[in-house]
Amino acid sequence: KAVGADAGLVVTPYYNKPTQRGLIAHFTAVNDCANLPIIIYNIPSRSVVDMSVETMAELAKLPNIAGVKDSTGDAVRVSDTRAAIGGDFCLMSGEDPMALGHAAHGGHGCISVTANVAPRQVAEFQNALMAGDFATALEWQDRLLPLHRAVFAEPGLVGAKYGLSLLGRCSDEVRSPLTGLLPETKQMMKDAMIHAGIINA
């Protein structure tokens with residue numbers, strides 16, 4: 001907060017596989033030392049622990065716990081969370097390809113990786129969702145899905161940086177243990193960016 005952050009995105013602790021009780025203790029400690037809203041980042045594929053809806057509901061009672069970035073890949077989790085907590089808890093998708101279904105279940109948006117490469121297109125998609133215009137959102141989904149797939153064909157950071165390098169925004173260099181994209185993934189990214197209307201053929 002002292003350097004200008006509006007909120008904190010705090011991942012579930014990885015490696016030591018805490019219990020749900022441990023998750024409550026951890027995020028309670030974060031709540032108690034934070035003077036800004038906290039978004040819980042639930043990403044079991046990377047942290048190896050999945051925060052249950054019941055645990056999320058318990059944490060939502062704390063004043064600084066404002067929402068969740070849900071990367072479980074389970075769209076129904078949104079409905080379960082809304083039922084347990086209510087509509088004021090901020091429900092963000094952490095999975096670009098799932099954002100359409102996430103919104104249909106009552107989600108509020110997406111913390112997007114693809115938006116680094118296609119900010120206007122992803123914003124138009126989200127604007128359509130927020131307006132309840134699912135027909136337009138579906139058109140954008142069809143245009144963006146190949147790019148979502150390409151960005152995540154290898155670790156998403158690598159795909160996003162390569163896409164940005166094609167736009168002249170930065171180099172595609174990544175630090176170890178990440179490695180640059182394979183030639184076939186680079187072609188996949190180029191084709192998807194053409195499909196989305198970001199670059200010309």
Side-chain angles (χ1 to χ4, degrees), residues 1-16 18 20 22-53 55-73 77-78 81-82 84-99 102-103 106-127 129-130 148 151-152 155-165 167 169-178:
K1 184 173 183 179
V3 296
D6 294 315
L9 179 65
V10 181
V11 72
T12 50
Y14 47 86
Y15 181 72
N16 50 20
Q20 298 300 305
L23 290 174
I24 289 172
H26 176 77
F27 280 97
T28 299
V30 172
N31 171 84
D32 292 347
C33 75
N35 189 23
L36 75 175
I38 298 298
I39 303 294
I40 295 167
Y41 187 6
N42 191 26
I43 182 164
S45 65
R46 295 195 184 194
S47 66
V48 199
V49 62
D50 183 7
M51 182 179 288
S52 72
V53 171
T55 297
M56 193 80 64
E58 188 65 27
L59 290 170
K61 297 173 185 175
L62 300 173
N64 292 316
I65 304 297
V68 60
K69 176 184 178 182
D70 188 304
S71 294
T72 62
R77 181 75 64 100
V78 184
T81 304
R82 286 177 60 246
I85 300 174
D88 291 336
F89 194 67
C90 184
L91 301 169
M92 304 296 284
S93 173
E95 302 276 347
D96 278 290
M98 289 285 295
H102 188 274
H108 301 117
C110 180
I111 298 176
S112 170
V113 175
T114 303
N116 289 286
V117 181
R120 182 184 63 80
Q121 292 83 352
V122 172
E124 291 289 349
F125 167 71
Q126 284 295 327
N127 288 340
L129 285 176
M130 295 304 105
H148 298 325
V151 165
F152 288 102
L157 165 66
V158 186
K161 284 202 77 177
Y162 180 73
L164 287 166
S165 76
L167 297 170
R169 304 284 182 177
C170 66
S171 78
D172 64 351
E173 181 182 358
V174 293
R175 290 180 292 186
S176 180
L178 297 175

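This is a predicted model, so every value here is computed, not measured. Computation of the quantities below employed the complete heavy-atom set of this structure, encompassing side-chain atoms and omitting hydrogens, waters and symmetry-equivalent molecules.
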Subject >> Heavy-atom pair of closest approach, residues Y41 and S71 >> reply: CE1-OG, 3.4 Å

Subject >> Other residues, nucleotides, ligands: >12 heavy atoms within 6.0 Å of D6 CG >> reply: no

Original post:
Side chains of Y162 and V117: does their closest heavy-atom pair fall under 4.5 Å?
Top reply: no

Subject >> Exercise: identify the closest heavy-atom pair between V151 and A160 >> reply: CG1-N, 4.2 Å

Subject >> For the student: nearest non-hydrogen atoms of M130 and G109, plus distance >> reply: CE-N, 4.3 Å

**OP:** Return the minimal non-hydrogen interatomic distance between A99 and F125, and the atom names on each side.
**Re:** CB-CE2, 3.7 Å

Original post:
Of the options V49, V68, L23, which is the one that meets N42 in a side-chain contact (heavy atoms from CB on, under 4.5 Å)?
Top reply: V68

**OP:** Dump the intermediate steps for side-chain contact (heavy atoms from CB on, under 4.5 Å) on L59 and M51, then the final yes or no.
**Re:** CA-CA 10 Å; L59 290 170; M51 182 179 288; 3.5 Å; yes

**OP:** For N31 and N64, indicate whether the former's side chain and the latter's backbone hold a donor-acceptor pair under 3.5 Å.
**Re:** yes

**OP:** To the nearest 0.5 angstrom, please state how far the CG atom of D50 sits from the CZ atom of R77.
**Re:** 4.0 Å

Original post:
So how far is it from L164 CG to D172 CG, rounded to the nearest 0.5 Å?
Top reply: 10.5 Å

Original post:
Does some side-chain heavy atom of H26 sit less than 4.5 Å from a side-chain heavy atom of V10?
Top reply: yes

**OP:** Can you measure from CE (M92) to CD1 (I40) and round to the nearest 0.5 angstrom?
**Re:** 14.5 Å

Subject >> Nearest heavy-atom neighbours spanning F27 and P13 >> reply: CE1-CD, 4.3 Å

Original post:
Once you round to the nearest 0.5 Å, how far does OG of S171 lie from NZ of K161?
Top reply: 4.5 Å

**OP:** May I ask you to check whether over 12 heavy atoms, not counting those of D32, lie within 6.0 Å of atom CG?
**Re:** yes

Original post:
Is the number of heavy atoms from other residues, nucleotides or ligands under 6.0 Å of D88 CG greater than 12?
Top reply: no

Subject >> Nearest atoms (heavy-atom pairs only) where G106 meets L91 >> reply: O-CD1, 4.4 Å

